[in-house]
Every structure is written in C-alpha cells, then in structure tokens.
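Order of the sequence lines sets the chain letters (A, B, ...), proteins ahead of strands, with each chain counted from 1. The model shown is predicted, which means the values in this text are computed figures rather than measured ones.
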There are 2 protein chains.
Amino acid sequence: MSRASDRAYAAIRAHLLSGQVKAGEQLTEDQLAQITGVSRTPVREAVRRLEDELLLVRSDTKRLFVADWSRDDIEEMFTLRQMLECHAAERAARRMTRGQVAEMEAVNRELKAAIEQPAPDVARFLDANRAFHDAIIEAAASPRLGQMLARLVEAPVVLRTARTYSTEDLRQSARDHDELIAAFAARDPDWARAVMGSHLRRAFHTFARTVGPATDAEDA
Amino acid sequence: MSRASDRAYAAIRAHLLSGQVKAGEQLTEDQLAQITGVSRTPVREAVRRLEDELLLVRSDTKRLFVADWSRDDIEEMFTLRQMLECHAAERAARRMTRGQVAEMEAVNRELKAAIEQPAPDVARFLDANRAFHDAIIEAAASPRLGQMLARLVEAPVVLRTARTYSTEDLRQSARDHDELIAAFAARDPDWARAVMGSHLRRAFHTFARTVGPATDAEDA
DNA sequence: CGGGAGCGTTTTGTATACAATAACCAGCGC
DNA sequence: GCGCTGGTTATTGTATACAAAACGCTCCCG
C-alpha cells in the first residue's frame, strides 16, 4: 500500500463509500487527483482498477461516472459469485491440507469472537469473513478463479458497508463456516459445494431484503 | 482501435503470437514502446490489459514477463470458461429473440462456408466462431459475465493460433452450433446448457491432444 | 573461496506539460 | 422558435523528464 496508485485506489474507494458522491455522478481525473493528493497518472491506474470492479464506469466517450448498481446487477453478481465460489470450495476440498484446515478454524474463531460481544464488531467480522473466503480461494489453487472472484467481491464489500446485520445472520454465517470446515476436513467436494451454495444464496437474500424487492419481470 | 493504447495492445499481442518471444522471457516497457511506436504511457495501459488476460505477468518486484501457460493452466481456463459459458447459454436461451436466432444462423452459415472449401480457412472460421459465441454472451445480457468471458477467451485465442484443426473437428463445431441454435429457438435453457457443455469440453480435449498429456503430479 | 556491502545500471513509478477530443454555449440562418 | 455551426472550455489521452526501486556487478572481508 505504499505506491501512490495504491493510495489513490484506497482513497477513491473510501471516498465512494463515504457517501459524499451519488451513483451516476460524474467524476474527473483531476478532481480525484486533488482528493487523493497524487498526480493524474497513478489516479488513472487506480481508476482502471475501480472500473474493473465496476465501482466506476465510463461513458461511450470516456467520461467517468460513479457506477449505479441496480438490484438486478447485484443479483447477477451474487449468482456469478456463487457459481465460482462453489467451484472453488469443491477444488479446495480436494486439496486442502490439515494445516490449512487448522488455519481456517483459527480464522473462524476470530470471526465468532467478533460476533459474541455486547455489540458485534461488524468491521472485524467482515475482515475475518474475507480472510475465510480468501483461504478457500487460496486452497483452490486456481489463479484465474481467484482473480475473478476478487473482482466480483470488491464491489459488494463497498455496497455492504452501509448495511446492518442482525446478530443471528452473523451467527448463521459462522455455523456455515463450521460446516464448510467439516467438509474440507472430510475432503468431501460435494459437501463443500453444497454448503457454499446455500451459504452464498442465503447471503444474497439477506442482502436483497434490505435493498428492496425483485423487479417483477425477473428471470432465473 | 485508433487510440495509441489500443494500437499498442494490438501490436504487443501480435508480437507475442508471432513467436519472436518465448514464454518466461522478460520484457521491458521501453522495448514495447519501441516496438509499438508509442510512448510508455499507453504501453503501460496496454500491458495492464494483457496482464489481466494473463498473457503477461509481473514478478513480485514488478518486472514484466511473457506468461508461461502450463497444461494445467489451460485446463483450468477451459473449465472456468465452460462454467461461465454454460450459464450464458442458459440465460441466452431464456432471452433470445427470433431476430437474434436468425442472426446466429447467419453467422453459422458463414462459419460453414469457411470450412467447406478445398482448404478450410481457419482464420475465417475462428472469426465466425468468435462472433457466434459473442452473440450468445450478448443475448445473455449480463455485463459482468461478458467481461469475465472476454478475459478468459483472449489468451486461448492467442495460444490457439499455432494449432492445426482437422476438417472433422471444424465440422463437429458447426454441428454443435446448429444444435445450440435449435435449443435457443426452442427456448430450452437445459438443452442449451448441455450442448454448450459438451461443445466446450470436446474443444478442450481437441486442444489438449496437441498440447500433450496431463501431468500426473504437477506443482509450481 | 564464499558471502555480503556498496555502487552503477536498468527498469518501473510518478509528475507535468501538451495534444486531441468531447461537451457546452452562443449566435446565426431559416 | 428550432436547429445548425463555429468557437470556447472541460476532460481525457500521450509524451517526456525525472524519481524511486530493483538488479547485477565488483570488490572487500572473513
């Protein structure tokens, strides 16, 4: 995180989730350079990453805007994530070492610790949650898969920040993780895939509940 | 294709597939700037795209190398592509209009025309093949899915250039396309998914046959 | 003879100036 | 009043110079 483009990336990302900018609003590279305190060159690099993650979009004439995620966009993102991450869980179950399983148990203990407090520490939960899913991707040993998931997950992480989680939602996640770990320990790819599927699909519905109802002409 | 960074992208890509550079070889941005005839700024932009497509990779210290695709890398790529493109076919089957189906029939006629000659025109076949698959992605109406597939498909297109195809392989592809069109016309998502699955899996084996046998215990 | 510190060279990263292109606005003809 | 056209400003794209970092080499010391 020391290079200017990384700092710019983090700063712009923070700026987007700070709520100071609305979806669909135009931004300019100069603006962002001022905000981040670096020149346009690293800003352009950062912007490219954010475009990749679909947090920013460009018009047909290359003007820059804050992306506007519709409910359908979010559903599609969750669907893709589910498809890819189920596959990752399956591969991980075939490859995971005892050491890696122990690692994941430790991460999930941390995750539970973040929940079981007077007031659950959501930021800490999200960090641990992310570490958990990253460990699975790591164990899946598929660089392209990891790359794709990383891009998919970035945007929701931002969108999610404003959300509120019930303690029960968080506990259910922790239980899912326990079962995933069991599936990994048993080296059972089908089990891992199935648990991951329900874990993510539930996450989508939890998420969607706060975003709003489905559009009526929905498919899939 | 008029901006310098686009020209740089195309030029570097052409350079990579020209065979003048070996997998694993180091490249420098200056070199590429000379080759492409533009300055390093657009070259860096082009290089980022090529890194995305995993045709170029950077070392831990940011030095630039030609990617070295192992047999396992290729298999993983095909697996991911199958997963995503089956999903695309399913969605496309739900959404495709009569007009789009007619469009695809036209593309497949062009594809067959490229085959049925004294010597099949492989470049023309590949263009039509690409147009066919692009039309499916278009009909699937999922920007993220399209984006991911575009990235996945880029690399193989390059790797594939050196390959030789038997006329029978090409004809089988055309038949698969016919069946896909039938599935779309029938608006049958399951059928479309199944045909796409076998189409791509066969493509992988056809490809793998020329690359070499599977490694029994591969690591990095 | 081997290992490591120092230093010149190579390569990547950043800032800035300038060029090209797109949006905006005003004035004109109809 | 409406739409077009020309020029003006805003914004992105490119080139270049310089800064920072990494590599490789040599030379010194053990």
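In this structure, A:Arg130 pairs ionically with A:Glu154, as a charged nitrogen and a carboxylate oxygen lie closer than 4.0 Å. Using a cut-off of 4.0 Å between Lys/Arg side-chain N and Asp/Glu carboxylate O, A:Arg49 and B:Glu51 are scored as not salt-bridged. A salt bridge between A:Glu75 and A:Arg201 is present, with a side-chain N of the basic residue lying under 4.0 Å from a carboxylate O of the acidic one.
D:dT11 atom C1' lies 14 Å from atom CG of A:Asp60, rounded to whole Å. One interatomic measurement links the two molecules: CZ of B:Phe65 to P of D:dA22, which rounds to 14 Å at whole-angstrom precision. In this structure, CD of A:Glu25 is placed 12 Å from P of D:dT11, rounded to the nearest angstrom.
For A:Phe204, the ring pair (Phe, Tyr, Trp, His ring centres under 6.0 Å) partners are A:Phe78, not counting sequence neighbours.
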Q. Can you give one letter per nucleotide of nucleotides 7-12 of chain C, 5' to 3': B if a protein heavy atom sits under 4.0 Å from the base, S if only from the sugar-phosphate, - if neither?
A. ---BSB
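Aromatic ring pairs are classed by plane angle as parallel below 30°, tilted from 30° to 60° and perpendicular above 60°; the pair B:His177 and B:His133 is perpendicular.
Checking the phosphate oxygens (OP1, OP2) of D:dA15, a side-chain nitrogen or oxygen of B:Ser39 falls inside 4.0 Å.
The two atoms that bring A:Ala8 and A:Val38 nearest to each other are CB-CG2, 4.0 Å, heavy atoms only.
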Q. Passes side-chain contact (heavy atoms from CB on, under 4.5 Å), B:Ile136 versus B:Met104? Steps please.
A. CA-CA 9 Å; B:Ile136 294 173; B:Met104 300 198 69; 3.5 Å; yes
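Checking A:Asp52, A:Asp72, A:Asp73 one by one against B:Arg144, the salt bridge (charged side-chain N to carboxylate O under 4.0 Å, His left out) holds for a single residue, A:Asp73.
Within a heavy-atom distance below 4.0 Å of DNA chain C, no residue of residues 45-53 of chain B is found.
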